[in-house]
Amino acid sequence: MAYDVLIIGSGLAGMSAALHLADAQLKVALVTKNELLDGASSWAQGGIAAVLDAADSLEDHVRDTHVAGAGLCHDDAVRFVVERGRQSVQWLVEQGVPFTRDGHNPEELHLTREGGHSHRRIAHAADATGSAVQKTLVGQVKTHPNIEVLEWHIAIDLVTSRKLGDSRGVNRVWGAYVLDRKAGQVRTLGARFTILAAGGAGKVYLYTTNPDTATGDGIAMGWRAGAGVANMEFIQFHPTCLFHPHAKSFLISEALRGEGGLLRLPDGERFMPRHDERAELAPRDVVARAIDFEIKKHGIDCVYLDITHKGPAFIREHFPTIHARCLEFGIDITTQPIPVVPAAHYTCGGLTTDLRGRTQVGGLYALGETACTGLHGANRLASNSLLECLVFSESAAKDIVALANSPAPPPLPAWDESRVTDADEEVVISHNWDELRRTMWNYVGIVRTDKRLERARHRIQLLQDEIEEFYGKFRVTNDLIELRNLVLTAELIVRSAQARKESRGLHFSRDHPATLAEARDTVLDPDAAGGMRPRARAANG
Ligand SMILES: Cc1cc2nc3c(=O)[nH]c(=O)nc-3n(C[C@H](O)[C@H](O)[C@H](O)COP(=O)(O)OP(=O)(O)OC[C@H]3O[C@@H](n4cnc5c(N)ncnc54)[C@H](O)[C@@H]3O)c2cc1C
């Protein structure tokens, strides 16, 4: 049976798109590789940026986004998102998300402030916003008659007309091959439209705030299907991830600095004012580079984020999750500073889309962290990403609903396993995985050089050859699918970084420290010679 829409990924982008489409009577398959709640969306702590306060303005939110994006944001995308902020948050309120209310006026939402924002404009549910949002949406997705949920199903590759041997007209996606992880079988899911909402690629780095699901699958599948990517070199490193041997990827929210948290060296000295006049409220890239600088300069493992001066009652009320989690590791943040290091946090680039979420491949949409809509430019402004998920999932859904009478997919061939066997040495996968993530951390991290990038490119090429050989011979597993996607995503990040001969936003090169006068996207196209093409926006047939 073919679906109207196949959605790959159940983060905020995937689930909100599913609800909009299903409410419009389209039959939706929502595929997710673990459980519905697994993904970065559930981990978001800070909240969702929107102009909700009378003293704030759309122009200020637009300006803050452009400033953070270092001149590379597309103004049309920025305005498109910012103007829809209020209605997007309102949609979540209507779905029943329990946002924190203003203590003085419970009719209004309480708004917090984060780095790079000139006003308080972050709607939040205490310090676990993503979890509150996702749990609310899961309830609706699971009971919606038009949504079929397929948990523990990992998409392997998209089925395209080109791969089916049909070279007439525009290349078009007709669904995907998906591994049912519990049954160990590959299923062919046909659909009129396919949405890649598979999140980002933080797991390409050794240290990341991202969940294990963030392996660049959407970006890699889209690229293999013929969709272009843009600005992959811009990886946001969150400045403050908890530094503790047993704490895997626990982020200390930006809001902690927004509410007065101070960064200190081990001897207690504050260092941010030396790096930027905005001190702890400077954008993330500035703070991450400053911490990287201080860690390297002093040969220390971490720096400290101190909020003790706000008092226990304030801290417990505003940061209950961080307080509880740090306590599990023996750190009482009401009396002790928190040890922190930077870690890969957000993939600003992705599959190039237009304002309807369309990629350049027919029938294929990309949403959320998988996409590059033009909103973030060279650096994402905090809390703009959940908003981007909401705005673009609605606009993509509208676009698809308007095209819903388009033809159904042709009969699709089954997955061919006739020439593969079970892998004899799984250890190859874990070794390659480890090597890849270390290579990216060491050579394609916060500060880059031409030499480091070249070294990374060379190693990645060797890994790619080995992984492709493995993929060609053995039956697919979850780990192999993810590794194949990670190594391709790594290649795209390195190639993009090498193409940018300047420092801008999140991309800082010691060999090219100046910022060029003209801001240009780095666009890679799988169909162009050498994979590069000039700045261009998405088109679709
Ligand atoms: C710790 C943390 C805190 C954050 N805080 C904030 C914040 O306060 N505000 C903000 O705006 N942003 C925040 N962000 C960023 C934001 O959470 C993400 O950018 C956003 O949630 C991305 O949503 P998404 O739907 O695109 O992807 P995700 O939520 O990551 O969902 C991706 C989904 O795709 C599935 N998937 C992936 N590959 C496949 C495959 N091959 N087959 C099937 N399924 C697949 C995953 O399992 C998952 O369900 C934070 C991120 C992190 C990590």
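When a ligand or atom number is given, it counts from 1 through the structure's own listing order.
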- Query: Can Glu259 and Arg120 be counted as an ion pair, charged N to O under 4.0 angstrom?
  - Reply: yes

- Message: Does Arg289 qualify as a cation-pi partner of Phe237, given the criterion of NZ or CZ under 6.0 Å from the six-membered ring centre and within 45 degrees of its axis?
- Response: no

- Item | Within 45° cone and under 6.0 Å: Arg484 NZ/CZ vs Tyr471 ring | yes

- Item | Audit row: Asn34, Trp152, side-chain contact (heavy atoms from CB on, under 4.5 Å) steps and yes/no | CA-CA 4 Å; Asn34 293 353; Trp152 301 107; 3.7 Å; yes

- Query: Going by the angle between their ring planes, with limits at 30° and 60°, are Tyr207 and Trp441 parallel, tilted or perpendicular?
  - Reply: perpendicular

- Message: So if I only count non-hydrogen atoms and take anything under 4.0 Å from ligand 1, which residues does that give, chain by chain?
- Response: Ile8, Gly9, Ser10, Gly11, Leu12, Ala13, Val31, Thr32, Lys33, Asp38, Gly39, Ala40, Ser41, Trp43, Ala44, Gln45, Gly46, Gly47, His153, Ile154, Ala155, Ala197, Ala198, Gly199, Thr209, Asn210, Thr213, Asp217, Met221, Leu251, His345, Tyr346, Gly368, Glu369, Arg380, Ser383, Asn384, Ser385, Leu386, Cys389

- Query: Is the closest side-chain donor-acceptor distance between Thr209 and His345 under 3.5 Å?
  - Reply: yes

